[in-house]
Structures are given as C-alpha cells and as structure tokens.
Amino acid sequence: AEWEWAEQLYAMDREYSILGMQWFMNRVKDFMNMKNYRYVLLSGHDTTIGPLLSFLNIVKQEEFHWPNYAANVIFELYQDSATGNAFVQV
C-alpha cells in the first residue's frame, strides 16, 4: 500500500522529510509573522503529520511509525511579557 511505502521513505531518509515539509513550515512561519491573525487552522492527513514529525526531529528515525488516527501537531506562538521576545511551543 502507498502508506507502507511512504512510512519506509520517511523513516529511512530524514532529508526527504525536510525537503517535503519546507513549504509547510514556511507557510506556518508566514502566518506567525502576520499580526492580524489570532488563530489559524491548517489541516492535513497522516501523510502530512508523519513527515512533519520527522522534519521537527520529534521522532527518532529508528522509532518512526505512522501517526495514529486523529493525530495533531499544535504550534503556539507566545510573547514574553517581560522581554517582548516571541517564542513557539510545539
């Protein structure tokens, strides 16, 4: 099945995940730089979340397995009230 092929590809080659997810992470960054949004929802499938976890280096390659049904990744943008510096929590 297609998902078995994709799982092996992402599990074996993190560079492929990086190449595949750059467009998505640039989109997330663009939204975070816009001041007029308070909430943005981007949706995808397991074929998006799996490579994203690999891209973020959250899952070690040898421990990679396909995401469970209804899995999600949340990026939250915060601003430190003392310094004014922005930071992201995943």
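Only this structure's heavy atoms are used, side chains among them; waters, hydrogens and symmetry mates stay out.
Across every non-hydrogen atom of Pro67 and Gly50, the tightest pair is CG-N, 3.6 Å. Residues Met25 and Phe55 come closest through the heavy atom pair CG-CE2, 3.2 Å. Across all non-hydrogen atoms, the minimal contact from Asp80 to Ala82 is OD1-N, 2.7 Å.
Between Tyr37 and Phe31, the ring planes are perpendicular. Angles over 60° get that label, and only those under 30° would be called parallel.
Taking CE from Met34 and NZ from Lys29, the interatomic distance works out to 11.0 Å, rounded to the nearest 0.5 Å. Taking CG from Leu41 and CD1 from Ile74, the interatomic distance works out to 10.0 Å, rounded to the nearest 0.5 Å. Between Met21 atom CE and Ile49 atom CD1 the span is 10.0 Å, to the nearest 0.5 Å.
Residues Phe75 and Tyr78 do not share a hydrophobic cluster, defined by chaining ILVMFWY side chains whose heavy atoms lie under 4.5 Å apart. Leu77 is connected to Val90 through a chain of hydrophobic side-chain contacts under 4.5 Å among Ile, Leu, Val, Met, Phe, Trp and Tyr, so both are in one cluster. Follow the hydrophobic side-chain contacts under 4.5 Å out from Phe87 and you never reach Leu56; the two are in separate clusters.
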Steps toward side chain to side chain contact (heavy atoms under 4.5 Å, CB included) verdict (Val28, Val88): CA-CA 11 Å; Val28 170; Val88 176; over 6 Å; no
